[in-house]
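Encoded as structure tokens, the structure appears first; notes follow it.
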Amino acid sequence: MLEFKQNIRGNVALGVNPIGCKQEVLNQIAYVKNKGTYQGPKKVLIIGASSSYGLASRISLAFGAGADTIGVSFEKGPKNERNLGTAGWYNNIAFREAAEKEGLIAKNFVQDAFSHESKQDVIAYIKSEFGGKIDLVVYSLASGRRTDPDTGEVYSSAIKALGEPVVGPNINMQNEAFYTETLEPANEQEIAGTVKVMGGEDWQLWMEALKEADVLADGVLTTNYSYLGTELNRPYYGGGTLGLAKADCDEKAETINELLADINGKAQIVVATAVTTKASSVIPFFPVYCIALYKVMTEKGTHETPIMHIDRIYRDMVYGEKAEYDEVGRLRPDNWELDSDTQAKTKALIQQLNEENFKSDLTAYDILYKEFSNLSGFMVDGYVEQDVTIEELKALEF
Ligand code: NAI
């Protein structure tokens, strides 16, 4: 019998529990089904579909709106008993199995979304087996590296400040430590690399390729998740290298809007709330913000996990009647996080935190840790242990 161990390095999860991942996907599906159905798109492409915001989008759109979906992600399958692959691999499988049971198409492409080849493979599939046209493209990639598809040059993103170093408290979930970190400002190469990897260039390349191939339906929508945050995280997020990458996505949205004008299409930036994901856990200082924010929002009844947030975005806002936009047309579901009383209380709480109390009832460290563990299939509600062999895991088809 395989033993599944949670193995955390810093704030990166290396272990995986495939059975727990499946249960977590089923829990998210149950959340959506419990809310009932809504009118939405029927043919959806999700780029970055295997975890957190992308996976939640896929689950909400499939089980809420009855959409057939194509998911693109970069994940690894099991090799041997010591290397079981990545959580997203098992999420993809659990999603496909559940969607197919409901008669929905759920096609997984596990390959580098940044390459030309991925785009052409997806296009060929849309034409031959997916009905020829798609009506929603969700772009939800988060990556540390990107290979330029034309030059082959590899770019890396660096989550850094601009101009001045930032000093502040951070949390290490591996040793459950609270410590002071100094984040150095980025150099020119790091700034350019972050924009190249996390900016909107690849989103635009996808939309150009899809349009060129004539697989976008009239009125097509494409969404891209952004984050703006507040003064509490601006020095290292919105005002740092990631903020420049997000600003690049804002610019590319305008270019894509021009591209899609003749088919009545639209590119929509969605400013999403702070949630616990593999990508956000490695943002310096951000876990401290989260344990304070989640505490305040839990008390107010406004704390959301990715599935709660994303389902509200599509059900109530994008395809519902409760959309709220800002002055430049971005959708703003993050207004619960940005609520002034929430922010004031979060700020006051952060100021009280130290090594002694950061794990106490004062904060939502327990929530952060559970949500982080859930991403790899640990501490999952409803989990039932099962005997599985490596052969059985290897035999699962993605
Ligand atoms: P995540 O790390 O949970 O998921 C990233 C997805 O991208 C995974 O499906 C992964 O397989 C896929 N991926 C990465 N590199 C790939 C490649 N080369 N080819 C194909 N697939 C690849 O990330 P998360 O946090 O859900 O982020 C998604 C988006 O949401 C990002 O743009 C992020 O900035 C944004 N966002 C995140 C917030 C947060 O608090 N986590 C808040 C607001 C926005």
Side-chain angles (χ1 to χ4, degrees), residues 11-13 24 45-58 70-76 85-92 95 108-119 121-122 138-149 154-157 159 194 197-200 202-203 205-206 223-230 233 237-238 240-250 252 269-283 286-287 289-290 293-294 303-307 309-310 313 330-334 337-338 368 371-372 374-376 398:
N11 288 343
V12 177
E24 176 59 23
L45 166 63
I46 298 119
I47 302 155
S50 60
S51 57
S52 303
Y53 272 151
L55 174 64
S57 307
R58 198 176 189 189
I70 299 172
V72 184
S73 62
F74 209 37
E75 302 293 345
K76 291 197 181 79
T86 56
W89 176 269
Y90 298 101
N91 294 342
N92 282 339
F95 174 86
N108 293 322
F109 283 88
V110 178
Q111 53 195 82
D112 181 11
F114 295 128
S115 68
H116 289 312
E117 194 194 3
S118 290
K119 296 172 178 73
D121 288 352
V122 168
V138 177
Y139 191 87
S140 187
L141 272 200
S143 176
R145 283 153 66 91
R146 172 175 172 221
T147 303
D148 184 292
V154 179
Y155 293 87
S156 297
S157 64
I159 305 169
T194 309
V197 178
M198 288 298 287
D202 182 60
W203 180 30
L205 288 175
W206 267 100
T223 50
N224 186 327
Y225 304 127
S226 187
Y227 184 75
L228 289 177
T230 67
N233 49 39
Y237 203 145
T241 49
L242 268 182
L244 291 180
K246 293 301 182 192
D248 184 64
C249 291
D250 289 347
K252 296 299 192 295
I269 296 288
V270 178
V271 186
T273 197
V275 286
T276 314
T277 71
K278 288 195 171 187
S280 70
S281 302
V282 294
I283 298 174
F286 201 56
Y289 173 73
C290 289
L293 177 78
Y294 296 175
H303 174 62
E304 295 175 301
T305 56
I307 192 64
H309 192 60
I310 289 286
I313 288 172
R330 293 175 297 210
L331 192 70
R332 300 305 298 265
D334 63 331
E337 175 186 350
L338 267 48
L368 176 84
E371 291 176 353
F372 178 76
N374 286 171
L375 295 169
S376 308
F398 74 84

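Both ligands and their constituent atoms are indexed starting at 1 by order of listing.
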Identify, for [atom], the protein heavy atom at the shortest distance, and state residue, atom and that distance.
atom	result
atom 16 (C) of ligand 1	Phe74 CB, 3.5 Å
atom 24 (P) of ligand 1	Thr277 OG1, 3.9 Å
atom 35 (C) of ligand 1	Tyr225 O, 3.6 Å
atom 4 (O) of ligand 1	Ser51 OG, 3.2 Å
atom 9 (O) of ligand 1	Ser50 OG, 2.6 Å
atom 18 (N) of ligand 1	Asp112 OD1, 2.9 Å
atom 38 (C) of ligand 1	Tyr53 CE1, 3.6 Å
atom 5 (C) of ligand 1	Ala142 N, 3.6 Å

Can you check whether [X] reaches [Y] side chain to side chain, under 4.5 Å on heavy atoms?
X	Y	value
Leu338	Thr230	yes
Pro333	His309	yes
Pro287	Leu368	yes
Leu242	Met198	yes
Leu293	His303	no
Val270	Arg330	no
Ser280	Thr277	yes
Val122	Leu45	yes

Side chain Asp248, main chain Gly200, donor-acceptor under 3.5 Å: yes

So, Thr147 and Tyr155: side-chain donor and acceptor under 3.5 Å apart, yes or no? no

Just by distance, with hydrogens left out, do Ser73 and Asn92 show a side-chain donor and acceptor under 3.5 Å apart?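 Result is yes, a qualifying pair exists.
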
Under 4.0 Å from a heavy atom of [X]: give me the atoms of ligand 1 that qualify, with their elements.
X	answer
Ala279	2 (O), 23 (O), 25 (O)
Ser143	15 (N)
Ser52	3 (O), 26 (O)
Ser280	39 (C), 40 (O), 41 (N)
Gln111	19 (N), 20 (C)

Residue portion contacting ligand 1 (non-hydrogen atoms closer than 4.0 Å) for [X]:
X	result
Ala49	backbone
Thr276	neither
Pro306	neither
Leu141	both

How about Phe398 and Trp89: are their ring centres within less than 6.0 Å of each other?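 Ring-ring flag for Phe398/Trp89: true, centres closer than 6.0 Å.
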
When rounded to the nearest 0.5 Å, the distance separating OG1 of Thr305 from CD of Glu24 is 8.0 Å

From Thr86 atom OG1 to Leu375 atom CG, the distance as rounded to the nearest 0.5 Å: 12.5 Å

Should [X] be counted as touching ligand 1, given the test is an N or O pair under 3.5 Å?
X	result
Ala113	yes
Lys246	yes
Val275	yes
Asn224	no
Glu75	yes
Gly54	no
Tyr227	no

Can a non-hydrogen atom of [X] be found less than 4.0 Å from any atom of ligand 1?
X	value
Arg145	no
Ser226	yes
Arg146	no

Parallel, tilted or perpendicular: which describes the rings of Tyr227 and Phe286, with under 30° parallel and over 60° perpendicular?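 Perpendicular.
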
